[in-house]
There are 2 protein chains.
Amino acid sequence: MALDLRKQQVLEAIVVSHIETAEPVSSRSIARKYNLGVSPATIRNEMADLEEIGLIRQPHTSAGRVPSQKGYRYYVDKLMKKADLTPREERLIRAIFAKRVKVLADIIQCTLKAVTQLTDYLVFLSGPYFENDVLKKIKIIQLMPGKALLVIMAETGWVHSKGMDLSSDITADDLAYIELVLNHYFQGLTFTQITRTVLKDVYNELTRYRKTINHILEIMEVVLQEEMKENLYLGGTNRILKQPEYSDVEEVRNLMNFIEREENLITILQDADPYRVTVKIGEEIKSEQATKYSAITAAYNIGGNIMGTLGLLGPMRMDYARAMTVVEHITSVLSEALSEDNFY
Amino acid sequence: MALDLRKQQVLEAIVVSHIETAEPVSSRSIARKYNLGVSPATIRNEMADLEEIGLIRQPHTSAGRVPSQKGYRYYVDKLMKKADLTPREERLIRAIFAKRVKVLADIIQCTLKAVTQLTDYLVFLSGPYFENDVLKKIKIIQLMPGKALLVIMAETGWVHSKGMDLSSDITADDLAYIELVLNHYFQGLTFTQITRTVLKDVYNELTRYRKTINHILEIMEVVLQEEMKENLYLGGTNRILKQPEYSDVEEVRNLMNFIEREENLITILQDADPYRVTVKIGEEIKSEQATKYSAITAAYNIGGNIMGTLGLLGPMRMDYARAMTVVEHITSVLSEALSEDNFY
DNA sequence: AATTAGCACTCGTATCAAATGAGTGCTAAA
DNA sequence: TTTAGCACTCATTTGATACGAGTGCTAATT
């Protein structure tokens, strides 16, 4: 779909103007604001063409034009100019991340706060997950009679542990043996591989300790599930309501409905390309309910390993240039902050 | 404020009817629906009196009456009749809690789900917190050179642990000594006491290991903070939008604003009386922004120890009788489920 | 003394027609 | 190829009117 220069200019004008005002854009207003050197009538002709190709549409006969999903896509891919943060905004971000706390939950709060202050869209974010982390060593440590600690050490250096109850007739030797077998089976496998396939094999190996091993495997599964589960953090719910599309209650209801189902947001984060800023427009988001929204995502990393993803959700008429800049900038600051130090 | 019987009946009729319809209640509709054996004119006279005392108000001259905050309070304290769950609802709850999973996060999800299905209000819930838990024993376990595990065992039986990095020149003997001193200082104290006061004392005692001990105390503080922090879970955001008061966008915005500040909800949970179902109406909730809402709360326990609180937030015109029954019933089911087994 | 029928009065809301005006599409001239 | 001009469309605003739900008060009734 190759457009001549003027059609591109008209399309860009429509998109930019509609993003700014949220109103349909008329031929006259384009002629006035963007001096393309032609009259409204000419622009109207171009608009008729653009509509035929499906890049813009008319809400009703006597209204201006608004971009279609395809139109936004064309704009994002070919026409959009990169936005920059103002020095003031850069300072704001630095200030928010400055009070360096070493707790993961806190730095995630900082991230939410920063993005919330920079945009009026919904921010969401998956916490670090370890599905590709490789198991290095398992330890079972007896704390007192009937109580032990299951410790799972991973290649990344993270240590996951959980207390558990044991029947009191298990001896230290028994535990040592169980530990040995577990290590034999699981060392070098990723968390995903462990939960998916091999937990059951071990069960058969250790028939002698059937009850205990059953219990331990259960706990182990719990630990792994917990660490692999997508922890979702959410912010900006009130901010996004500022967008004029949500002065209609029905729209608000739909939106709330969408974001209350965490799977929806998690799917968006999982579908994201981990190596670049991803833009999904309208139906490109794989969800029946999301046809009116757009999402921008980017992954963050710890020492180069992708650990999670940050997302922005807004109406299709969102300021893509700015949103992309913000998401990119914040994920990079976040990655930096996380890599700099050990977190707990 | 003693009201004669008929005034009470009129007030009750107004509250009940307004809770049901969300519309101002007229004298005629009362005469029709609740047969008090008097004419609308008489009821009008009573209403004028009730208005003078401040129990009801008139939105505008030619409208019916609605209960005031004081009016709801009077209703809740003196007039309200206990609601019961239908057998069908009881079954629903049992079904939801039936698929007994031993993971704390899961049972909390069950709770949210159950309440969401039973009411159209906002549900929120603090996870178990341990501020009054008493420290039984600390263990520091070396996992490999430069890596150790800090384990904190508490009287309740819960085990909290966290991995940490150590400088490699620390020997096993050093750790044993540090462990000894820490136990000496902290055994028998509650988590709150430990973080509030004594962490620094130990620091001075162990000057020889200044760097290491500093690090360990830091980790310890992180662990304790994390376990003592109010974990807030939230549900029903879309459900509450069904309430007719939220067909006005401005109201929705206010509500979202309120619930997005977690402190607001946490404060409500903390202000609750742990030993009975608490009802806060309008300004009784200590927050500028909550003058239009009401909150119902009840605590849940594990083996008799209060561990957290469940709350419902709705418009002041909420179905108090039903909400109270639901909250009471669910907290008791939740307590039972939690006490029955060990959770991880 | 308490109740109630009756009626005037208030005030929000629904209805409807007319006016408005923003915007387009088409045609014919430049 | 561009554009001025004009007829046409249609959502929105406006204002006038009617409507009706509800109250408060007074005078009659029990």
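Letters A, B, ... mirror the listed sequences (proteins, then strands); counts begin at 1.
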* Structure fact -> Of D/dG24, C/dG23, C/dG25, the nucleotide closest to the side chain of A/S62 is C/dG23
* Structure fact -> With the side chain defined as heavy atoms from C-beta on, A/A41 is closest, among D/dT3, D/dT23, D/dA11, to D/dT3
* What integer distance in Å separates A/E23:CD from C/dT24:P? -> 13 Å
* For atom CG of B/N45 and atom P of D/dG24, their distance in whole Å -> 9 Å
* **B/E46 vs A/A63, nearer the 5' end of DNA chain C by closest nucleotide** => B/E46
* How many Å lie between CG on B/D49 and C1' on C/dT3, as a whole number? -> 14 Å
* Asked: Where the side chain of A/S287 meets the backbone of A/N264, is there a donor-acceptor pair that is under 3.5 Å apart?
  -> no
* Structure fact -> Atom CD of A/Q58 and atom C1' of D/dC8 are separated, to the nearest Å, by 13 Å
* Measure from the side chain of B/S39, starting at C-beta and using heavy atoms only, and say which of C/dT4, D/dT3, C/dG25 lies closest. => C/dT4
* Any B/S26 side-chain nitrogen or oxygen under 4.0 Å from OP1 or OP2 of D/dG22 -> yes
* **Length of the line joining B/I30:CD1 and D/dA21:P, which is rounded to integer Å** => 17 Å
* Mapping B/G37 and A/V25 onto DNA chain C by nearest heavy atom, which one lands closer to the 5' end? -> B/G37
* Under-4.0 Å side-chain N/O to phosphate OP1/OP2 contact, A/R6 with D/dT2 -> yes
* Roughly, in whole Å, what's the span from CD in A/E52 to P in C/dT24? -> 17 Å
* To do: Please determine if a side-chain N or O atom of B/S27 lies less than 4.0 Å away from the OP1 or OP2 oxygen of D/dT23.
  => yes
* Is there a side chain to side chain donor-acceptor pair (under 3.5 Å) between B/E260 and A/T237 once you walk through the steps? -> CA-CA 7 Å; B/E260 184 155 291; A/T237 356; 2.3 Å; yes
* Asked: Taking only side-chain nitrogens and oxygens of B/T42, does any of them come within less than 4.0 Å of OP1 or OP2 of C/dT3?
  -> no
* **Atom-pair distance (CD on B/E51; C1' on D/dG22), nearest Å** => 13 Å
* To do: Walk me through it: do B/E12 and B/K81 pass the test salt bridge (Lys or Arg N to Asp or Glu O under 4.0 Å)?
  => CA-CA 10 Å; B/E12 187 184 355; B/K81 290 172 190 63; 2.8 Å; yes
* To do: Measure the distance from CD1 on B/I43 to C1' on C/dA2 and round it to the nearest whole Å.
  => 15 Å
* Between B/E46 and B/V38, is a side chain to side chain contact (heavy atoms under 4.5 Å, CB included) present by the stated rule, with each step listed? -> CA-CA 11 Å; B/E46 300 288 25; B/V38 291; over 6 Å; no
* **Presence of B/R44 side-chain N/O under 4.0 Å of C/dG6 phosphate oxygens OP1/OP2** => no
* Any luck finding a side-chain donor-acceptor pair between B/Q243 and B/R317 under 3.5 Å? -> yes
